[in-house]
Structures are given as structure tokens and as C-alpha cells.
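What follows is a short report on a single structure.
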Amino acid sequence: MTSITDLARKIEDVMENVDFSGVVLIKHNGHTLLNKARAYANRSDERFNQPDTRFGIASGCKIFTAVSIGQLIEQGKLTYDSRLADVLSIKFPQWDQGVTIHQLLTHTSGIPDYFDEELMEDFAELWKERPVYSMRKLNDFLPMFQHQPMKSAPGERFHYNNAAFIVLGLIVEEHSGQSFTDYVEQYIFRKCGMSDSGYLVTDQLPRNTAIGYMDHDDGSWTSNIFSIPVKGGADGGAYTTASDMIRFWNALLCHELLSGEATERLISPYVHEDADTYYGRGVWIDQRGNDIFKYHVMGFDPGVSFMSSVYPDYNVQVVVLSNKESGPYPITLAVEEALVR
């Protein structure tokens with residue numbers, strides 16, 4: 001394994017090369033190897049990112065939705081084979097009645113998406129006719145996909161789907177009696193000790209929270225306040241810190257959020273997505289041969305990029321949070337080259 005000094009130098013070189021803005025936290029056997037912040041959390045005030053700065057993580061929090069569903073299943077309120085039509089009172093007139101919770105969690109449901117990555121590239125385009133400040137609850141997304149036809153047959157293929165996780169969040173709300181964000185904050189964040197995490201409102205960000213930025217070809221930049229929903233939900237948009245993300249991984253893999261059996265059902269590879277990459281339930285899984293190489297989550301929005309990985313055979317955990325649109329991927333690769341070859 002690379003020495004801590006060499007690791008720090010390698011990662012700092014990559015951070016410099018990609019003009020990284022954010023925080024990198026690397027742990028091995030529970031010990032911190034690197035905890036590095038770079039660039040500005042607030043460019044206008046020239047306020048620097050700190051190791052404990054909060055960042056948006058976009059789709060990186062789909063795993064919180066999957067854990068929430070797993071908890072309701074353990075309580076006997078649902079099963080993975082439950083049909084959507086049987087567990088949610090909201091109706092979707094053109095959808096196949098056989099869609100299951102498992103299919104929603106594994107992006108194999110075939111339902112339409114409000115942001116179809118096979119057809120669209122710019123998430124910000126969604127909000128030109130629908131103001132972001134109106135997107136505060138899961139129900140606010142329904143008009144964008146509720147009456148659209150199926151994209152494919154249930155179980156036919158993998159198609160990354162944000163609307164599926166909105167629907168899962170609505171199931172959590174109906175069976176818990178709480179708003180989705182309140183549920184996650186109580187039964188996941190609080191349980192894990194993630195005291196600096198939450199579903200924050202972009203026009204009311206608390207202190208020590210990074211503003212997301214989009215850099216333009218002419219050297220100018222804009223914040224992402226008009227480019228993402230004002231409040232996140234079941235498909236993405238929570239804010240967290242590097243340390244809190246480690247707390248989540250520890251709680252999940254030590255079976256503090258779900259039983260051991262339920263945790264394994266969450267992080268098992270179900271769908272072959274590409275090469276050695278599979279999808280579990282709310283989590284990506286990379287294999288080397290028949291062995292698990294890493295569990296990882298990631299998220300990308302205008303002004304947001306995030307990756308966090310756990311390498312079980314190496315006892316290594318990595319969190320890369322950024323308030324720009326790129327950076328975590330090359331840093332994660334550099335960590336893997338140094339620590340988990």
C-alpha cells in the first residue's frame with residue numbers, strides 16, 4: 001500500500017490538475033489517511049471549503065430511500081415483491097399493474113422518468129417551464145410522469161430512473177405517516193449520528209454549506225440555485241458532510257439500520273449494468289471475478305458531483321464531495337490506484 005505521504009501528494013496533484021472544489025476523505029481500518037478541503041464553498045465571499053462543510057450529493061442519496069423501504073419491509077408493511085398498485089393509493093393509469101418494489105429499486109420497472117437520461121442531458125432544462133422553487137414535495141413531481149406510458153416492460157432491462165425513486169418515497173410516506181424527508185432524518189440520519197446532514201432548502205442554506213457552481217466556457221460562473229429543485233427528496237438532493245457519509249456506511253454495514261440479512265439483500269448485485277458493474281437496491285456494486293470489489297454511490301447535478309466508495313476486502317472508505325460538476329471520478333481512480341490495486 002502507498003505511504004500516507006505519497007497518497008496525499010498523489011491526491012493533491014489530481015485535485016490541482018482538475019481544479020477540484022470540495023472535500024476528500026479517505027479512511028483505512030477506521031483511521032483517517034487523508035481529509036483535505038480545497039477551493040471555495042462560497043465564491044462571492046471567498047469562503048473556503050472545510051473538512052466539515054456540507055455538500056449536496058444529488059442521486060448519491062438514493063441509498064437512503066432503499067434503506068427506508070428495507071426498514072418498512074422488516075416491519076412487515078411491504079415486501080420486495082409487493083406490486084406498486086397494492087401499496088400506493090396514487091394511480092398511474094397507463095402503467096403495467098405488475099410493477100414491483102424490487103423493480104423500482106433496481107431501475108428495471110420500465111416506468112417513464114421525469115428526467116430520462118437516454119433522451120436528455122441537461123437537468124437544468126427541466127426547470128425552464130416549471131420553477132424550481134415549486135418543487136418542495138414528492139407530489140410536486142407527479143405531473144411530470146404520472147400520466148406517461150411505460151417505457152418498457154417490467155423487468156425487461158435496466159434503465160436508470162429517478163421517477164422510480166420518487167414513487168418509492170411516496171410509498172414510504174404512505175406507510176410511515178411522515179413526509180419522506182422527515183422519515184429519513186429521523187430513522188437514518190439521527191440513528192447514524194449524521195448530525196450535519198439533512199434535506200436543506202437551497203435558498204435557506206445554513207452556515208458551513210457549499211453553494212453549487214457551474215463554470216462556463218467564457219470563464220464566468222453561476223450558482224445552481226435556479227437549476228435544481230429547491231428541496232431534495234427520494235431521488236436525490238440531500239446534503240451531507242464527508243464524516244457523516246462515513247457514519248452512514250459504518251451504520252449500514254454494521255447492521256444498525258437493517259438486520260444482517262436485510263442488509264445483504266440491499267447490497268447484493270441484482271442487475272448487470274456494464275462490464276464488472278452491477279446494481280443492487282439503491283447502490284452500485286463493482287465485482288472482480290466473483291468477488292465484491294466495491295460498493296459505491298454517486299450523484300451528479302448542475303453544480304454538484306459526488307462519489308463515495310467502500311472496498312470491503314481492503315477496509316478502505318472514500319468520500320469525495322464537490323460543489324462543481326466534475327472532480328470526484330479522477331480522484332476516486334487515483335485512490336484506487338494507490339490503495340486497492
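Just so it is clear, the structure is predicted and the values come from calculations on it, not from any experiment.
In this structure, the separation between CD1 on Ile331 and CE on Met15 is 5.5 Å, given to the nearest 0.5 Å. For the atom pair CG (Leu252) and CG (Leu257), the distance works out to 6.0 Å, reported to the nearest 0.5 Å. Between the CD1 atom in Ile171 and the CG atom in Leu138 there is a gap of 11.0 Å [rounded to 0.5 Å]. Here the straight-line distance linking atom CD1 of Ile246 with atom CG of Leu25 works out to 5.0 Å at 0.5 Å rounding. The OH atom of Tyr295 lies 13.0 Å from the OG atom of Ser309; values are rounded to the nearest 0.5 Å. Here the straight-line distance linking atom OG of Ser109 with atom CE of Met150 works out to 6.0 Å at 0.5 Å rounding.
Annotation: side chain to side chain contact (heavy atoms under 4.5 Å, CB included) contacts of Ser82 (sequence neighbours excluded): Leu78, Thr79, Val87, Ile101.
The residues Arg288 and Asp291 are annotated as not salt-bridged, no charged nitrogen and carboxylate oxygen being separated by less than 4.0 angstrom. Under 4.0 Å is where a charged nitrogen must lie from a carboxylate oxygen, and between Asp140 and Lys137 no such pair does. Taking 4.0 Å as the cut-off between side-chain N and carboxylate O, Lys36 and Glu12 count as a salt-bridged pair. Salt bridge present: Asp215 and Lys324 bring a charged side-chain N and a carboxylate O closer than 4.0 Å. Ion pair Arg247/Asp244 flagged as a salt bridge, since at least one NZ, NE, NH1 or NH2 atom sits closer than 4.0 Å to an Asp/Glu carboxylate oxygen.
Under 3.5 Å, the side chains of Ser308 and His296 contain no donor-acceptor pair of N or O atoms. Lys62 and Ser59 are linked by a side-chain donor-acceptor pair at a separation below 3.5 angstrom, with hydrogens and angles left out of the test. Side-chain contact, Ser259 with Glu74: a donor N or O sits under 3.5 Å from an acceptor N or O. No donor-acceptor contact under 3.5 angstrom links the side chains of Ser227 and Asn224, judged on distance only. Defined by atom type and a distance below 3.5 Å, a donor-acceptor pair is missing between the side-chain atoms of Thr100 and Asp81. A donor atom on one side chain and an acceptor atom on the other are not found under 3.5 Å apart for Thr241 and Ser243.
Between the side chain of Lys77 and the backbone N or O of His175, at least one donor-acceptor pair lies under 3.5 Å. Judged by distance alone, with hydrogens and angles left aside, the side-chain atoms of Ser176 form a donor-acceptor pair with the main-chain N or O of Val172 at under 3.5 Å. In terms of modelled atom types and a separation under 3.5 Å, the side chain of Asp235 and the main chain of Gly169 share no donor-acceptor contact.
Aromatic ring centroids of Phe64 and Phe189 lie under 6.0 Å apart. The aromatic ring centres of Phe165 and His107 sit less than 6.0 Å apart.
Cation-pi contact between Arg281 and Tyr80: present, with separation from the ring centre below 6.0 Å and deviation from the ring axis of at most 45°.
Using bins of under 30°, 30° to 60° and over 60° for the plane-to-plane angle, the ring pair Trp221/Tyr213 lands in the perpendicular bin. The aromatic rings of Tyr160 and Phe158 lie tilted to each other, with the angle between the two planes from 30° to 60°.
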Derivation and outcome, side chain to side chain contact (heavy atoms under 4.5 Å, CB included), residues Val18 and Ser326: CA-CA 8 Å; Val18 301; Ser326 63; over 6 Å; no
Would you please test Met245 and Phe306 for side chain to side chain contact (heavy atoms under 4.5 Å, CB included) and show each step? CA-CA 11 Å; Met245 197 63 210; Phe306 161 77; 4.0 Å; yes
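Here the closest heavy-atom approach between residue Ser68 and residue Ile188 is recorded as OG-CD1, 3.6 Å.
The number of heavy-atom neighbours closer than 6.0 Å to CD of Glu261, taken from other residues, nucleotides and ligands shown, is 12 or below.
Exactly one of Tyr279, Phe293, Tyr278, Tyr270 qualifies for a ring pair (Phe, Tyr, Trp, His ring centres under 6.0 Å) with Trp284. That residue is Tyr279.
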